[in-house]
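Everything quoted here is computed from the prediction, not taken from an experiment. Each chain gets a letter, A, B and so on, in the order its sequence line appears, and its residues count up from 1.
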2 protein chains.
Amino acid sequence: LDPLTIGRLRGRLAVIGLGPGAAELMVPAVKAELARANDVLGYETYVRMAGPFRADQVMHCTDNREEMQRARHAFALAAQGRSVVVVSSGDPGVFAMAAAVLEALHESTDPAWHNVDLEILPGVSASLATAAQAGAPLGHDFCVLSLSDNLKPWDIIEKRLDLASQADLALAFYNPISRSRPWQLGRALEIVARHRTAQTPVVLGRDIGRPGQTLRVTTLGQLTPDQVDMRTMVLVGSSTTCVFARPGGGDWVYTPRWYGEKPTS
Amino acid sequence: LDPLTIGRLRGRLAVIGLGPGAAELMVPAVKAELARANDVLGYETYVRMAGPFRADQVMHCTDNREEMQRARHAFALAAQGRSVVVVSSGDPGVFAMAAAVLEALHESTDPAWHNVDLEILPGVSASLATAAQAGAPLGHDFCVLSLSDNLKPWDIIEKRLDLASQADLALAFYNPISRSRPWQLGRALEIVARHRTAQTPVVLGRDIGRPGQTLRVTTLGQLTPDQVDMRTMVLVGSSTTCVFARPGGGDWVYTPRWYGEKPTS
């Protein structure tokens, strides 16, 4: 085989992040990758968000829970020489498909899978898109946690919440609540409240960067789990996070760059 | 004044994130904002990265430390009805200009400043761009810390390092070292090493997304501060972070989505 043919036979697998959803927040590298794809795999909602696709492109939509099967399917297609895209929303490296794809590769002894041209393309993460809409609540040290105990024991989540709250880090919660996990958020907020006052600012961003987005600023004392659903990003401020009114209504939220004594300049 | 004139007179201030540097990782909303700008303010390196600019656009380059003066200057220009862009690299909400701009507005009683059409436009952060190049080291719960004690006391940094390491969070270090802060990184690594083994994977990404980028995978036991400079992003794995070889050389690094017992599917 000549090098050109080998190049054509070597498949490609790109794990991409769409960003929050709006086209103007998707990086050009991801747009180019979607245009060259033969196959697009992902949770149906995200595959639809990534489209429209041409008639020659194959969409493989699966349920959100089947991450490992999807990752293996992507390698099986790419190993045939196809150009394959695995779609995540936000950034693929933050509670999304990049870790599953690498785990599938790590487990595999198939040289054809290891020969695939694999690339992870970053995107604007949901936490940072929500933070930008609110101002800069993650403008200082922060911690990003998933509250889902589907893939980790609840006691490690409690331990992390307790330590991160003690550390006075701003907090971003992914997967804050779902029908099958109804009580976890309330318990999480109790743990945070051991170390933060009731006045601590909280940002609730729902469907940020998508049609019908809503942004709400409240406090730790006023937040109740019924204000949150699985499409809500929850950002909890640190002891230094500030809130002030916007002239058109609503609030700005930011965590200053300094901690302790305010600089004089 | 008619509404159109008022609209024209109402200045705009956009705080934007360029992403890591490469044009294909800058979101279209930021590109559009740069095109409409009358004035562009920022640290010289980032303003140059955002260009080229037209002859009618004014560049205001300042030193990296003068964040509050730059923020006030931006409001003073926007309050005159101009369209102003403040440039950060990465995401403006992560150790960058968004927090300074909001602090400047919060301190001001000038209604003209509060009347400015202010928007924060997110970007691909340096930590997530570096993570994508390495694989998915931040694929599970993680913590983002600045090691600079210019604007916060060193003891809060030590406390946060200790608690975040105890919590077994993956760690991303911004501002890991500089000529004026030579010993802090070594001390930080000692604190992390109380809670992590010497085999813990570490990713060093230098100038990721820019010309001459380098990516290096090492371990906590082998890392020494002389391998790091101020342009290096340091990512430290958790106890579950895995490393395996890429066929072309180098390694993939990822933190699995699960914790504790590995799921069977």
Would you mind telling me which of [options] has the largest number of heavy-atom pairs within less than 4.5 Å of chain B?
options	value
A:Glu261, A:Lys262, A:Arg257	A:Arg257
A:Leu102, A:Val124, A:Asn150	A:Leu102
A:Met97, A:Glu67, A:Glu103, A:Lys152	A:Glu103
A:Ala132, A:Ala99, A:Ala136	A:Ala132
A:Ala98, A:Gly135, A:Gly19	A:Gly135
A:Leu171, A:Asp168, A:Val101, A:Val253	A:Asp168

Can any side-chain N or O of [X] pair as donor or acceptor with the backbone N or O of [Y] at less than 3.5 Å?
X	Y	answer
B:Ser178	B:Arg181	yes
A:Thr255	A:Pro137	yes
B:Thr130	B:Ala126	yes

Side chain / backbone / both / neither for [X] at chain A, heavy atoms under 4.5 Å:
X	answer
B:Ala131	neither
B:Ala170	neither
B:Ile156	side chain

Passing option when A:Leu121 is tested against A:Val27, A:Asp91, A:Ile16 for side-chain contact (heavy atoms from CB on, under 4.5 Å) |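 Among the candidates, only A:Ile16 passes.
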Taking every non-hydrogen pair under 4.5 Å, which of [options] racks up the most with chain A?
options	value
B:Leu145, B:Val144, B:Leu161	B:Val144
B:Arg160, B:Lys159, B:Glu66, B:Glu119	B:Arg160
B:Leu25, B:Asp141, B:Val15	B:Asp141

How close do A:Ala245 and A:Asp251 get, heavy atom to heavy atom, and via which atoms?
->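 What the structure gives for the nearest pair is CA-OD1, 3.7 Å.
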Heavy-atom pair of closest approach, residues A:Pro20 and A:Met49 =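 Answer, listing the atom of A:Pro20 first, then A:Met49: O-SD, 4.4 Å.
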Run the numbers on B:Val192 and B:Phe173 for side-chain contact (heavy atoms from CB on, under 4.5 Å), then give the verdict.
-> CA-CA 12 Å; B:Val192 176; B:Phe173 294 157; 4.2 Å; yes
Between A:Lys31 and B:Glu24, is the closest basic N to carboxylate O distance under 4.0 Å?
->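 Salt bridge between B:Glu24 and A:Lys31, a charged N being under 4.0 Å from a carboxylate O: no.
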Whether A:Phe244 and B:His106 hold their rings parallel, tilted or perpendicular, with breakpoints at 30° and 60° =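 Correct class here is parallel.
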Angle class for the B:His140/B:Tyr259 ring planes (parallel below 30°, perpendicular above 60°, tilted otherwise)?
->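 Parallel: the ring planes of B:His140 and B:Tyr259 meet at under 30°.
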Sort A:Glu33 into side chain, backbone, both or neither according to what part of it lies under 4.5 angstrom from a heavy atom of chain B.
->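 Neither part, no heavy atoms under 4.5 Å.
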Measuring from B:Trp252:CH2 to A:Ile120:CD1, what's the distance to the nearest 0.5 Å?
->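 Answer for the CH2-CD1 pair, B:Trp252 versus A:Ile120, is 5.0 Å.
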Should B:Met233 and B:Ser127 count as side-chain neighbours, where that means a heavy-atom distance under 4.5 Å?
->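 Touching, per the 4.5 Å side-chain cut-off.
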Residues from residues 109-118 of chain B approaching chain A under 4.5 Å (heavy atoms) =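 Listed by number, the contacting residues are B:His114, B:Leu118.
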